[in-house]
Amino acid sequence: MAVIDEILAGYEALRPAQEAFYQDLHRHPELSHQEHRTAQRVTDQLRSDGFAVVSGIGGTGVVGVLANGSGPGVLLRCELDALPLREASGAPYASTDTATDASGHQVPVDHACGHDLHMAAMVGMAKLMADHRDRWNGTLITLFQPAEETGEGAQEMVDDGLFKRIPVPDVALAQHLLSGIAGTVRTRSGPFMAAADSIKITVYGRGGHGAAPQNTVDPVVLAAMIIIRLQTIVSREVTPGEVAVVTVGSCQAGTRSNVIADFAVLELNVRSYSSVTRQRMLDAIQRIVRAECQASGSPKDPEFETTFSFPVTDNDATVTGRVAKAFAAHFGDRADEIPRQTVSEDFSKIPDAAGVPYCYWGIGYTDRGTYLAAQKDGHLDDLTANHSPKFLPPMQPCLRTGTEALLAAALAWLAP
Ligand SMILES: [Zn+2]
Ligand SMILES: [Zn+2]
């Protein structure tokens, strides 16, 4: 009998408590940087399973370490935070909680990205591993990261001395509910998720009366020229076939028709799968904006502010090969390869800071029949997805699949 099957023999006994834990987290989601209750729940659970727990890393971050003899160190990561949405899933355990966001507004809160399920799967895996210490060797590290949705939490944990406070692992692993059939696990080697940068750019003109443009520098015309010219980055500067996106999602200037404004604000989103392409696009944006300001006779240098930045998630080939083999052995035809995703994650900042390789994978959340029908009609993008107020993964089989995937991957190192 495979070690994972011996360990999973204890799953049914664990299941009611795991489901209750998940529903409790789902009922009480917390915004990024405010995950105090969630962190406490996780801490209590890990302590009762015999993990050494370090809490308060990078704000509310929690790490549980179970040292179990000599052997490799495996770090598994999940996220603590939820989103400012009003849940419309219709679940009996739907959230009605509200919170005060960073700008002082009262907002509803919803676990609409599935981080609650990731945590419950992690805690379930942790308990099963703690209950079967005689079946594996090494160090199991469970990491609960704050503020994934804002792209800040991983870096904040690293900056707070993460790897001085916990052992440096040999490998790092993470999973996420992603588009796919519930009960399936999918990964891929190489670039998995895009790097994403959001940049706010302020360009300056000289305001005046709309009837006397000769006395002004019109920031609306300047912004328009910049927007058009930015379209040449992907079409003329990036290697054909490389995935690259430059979107101007917002452009604001002026207040009324007969007044020329003093400035314009552009908000850009930039995505790519390679650090070379990413840097090339960021450099091109700077160059184009500065040159267009000069061409317009702008009286003041433009200002650039990065509002968020996610690195590319680039799965290590060797580690991913080992994980995929473990998935194939355990899940059979429920394990598969996943296409590249254009969404983004900050997970990789943790293994990158430790200098260790990593693998990330997706667990599906859509009912098989619904998914296959949508796929046949070419309407996969219409299915309810992460960040929708209606998002709600079916608790089962997702919880069990998430638990099994963490176990299978961790045991590929801890009980090979
Ligand atoms: Zn999310
Ligand atoms: Zn997420």
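For ligands, and for the atoms within them, numbers begin at 1 and follow the listed sequence. Keep in mind that this is a model prediction, so the values were computed, not measured.
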S.K.: Could you confirm whether His118 has any N/O/S atom lying under 2.8 Å from the Zn ion (ligand 2)?
M.R.: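 Within the cut-off used here (under 2.8 Å), His118 places no N, O or S atom near the Zn ion (ligand 2).
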
S.K.: Just to verify, which of Gln145, Gln175, Glu148 counts as forming a side chain to side chain donor-acceptor pair (under 3.5 Å) with Arg77?
M.R.: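 That would be Gln145; it is the only one of Gln145, Gln175, Glu148 passing the side chain to side chain donor-acceptor pair (under 3.5 Å) with Arg77.
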
S.K.: Give a yes or no answer on whether the side chain of Glu237 reaches the backbone of Met281 with a donor-acceptor pair at less than 3.5 Å.
M.R.: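 It does not hold such a pair.
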
S.K.: Which protein N, O or S atoms does the Zn ion (ligand 1) have within a distance shorter than 2.8 Å?
M.R.: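 Metal shell, protein only: Cys113 SG, Glu149 OE1, Glu149 OE2, His387 NE2.
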
S.K.: Taking Asp197 first and then Arg271, would you say they form a salt bridge - that is, a charged N and a carboxylate O separated by under 4.0 Å?
M.R.: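 No.
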
S.K.: Among Asp97, Thr60, Asp24, which residue satisfies the side chain to side chain donor-acceptor pair (under 3.5 Å) criterion with Arg37?
M.R.: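 Going through Asp97, Thr60, Asp24 one by one, the side chain to side chain donor-acceptor pair (under 3.5 Å) with Arg37 is satisfied by Asp24 alone.
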
S.K.: With under 30° as parallel and over 60° as perpendicular, where do the rings of Phe327 and Trp361 fit, or are they tilted in between?
M.R.: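 Answer is perpendicular, since the angle exceeds 60°.
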
S.K.: Should the pair Phe347 and Tyr360 be assigned to parallel (<30°), tilted (30 to 60°) or perpendicular (>60°) ring geometry?
M.R.: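 Taking Tyr360 first and then Phe347, their aromatic rings sit tilted (interplane angle of 30° to 60°).
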
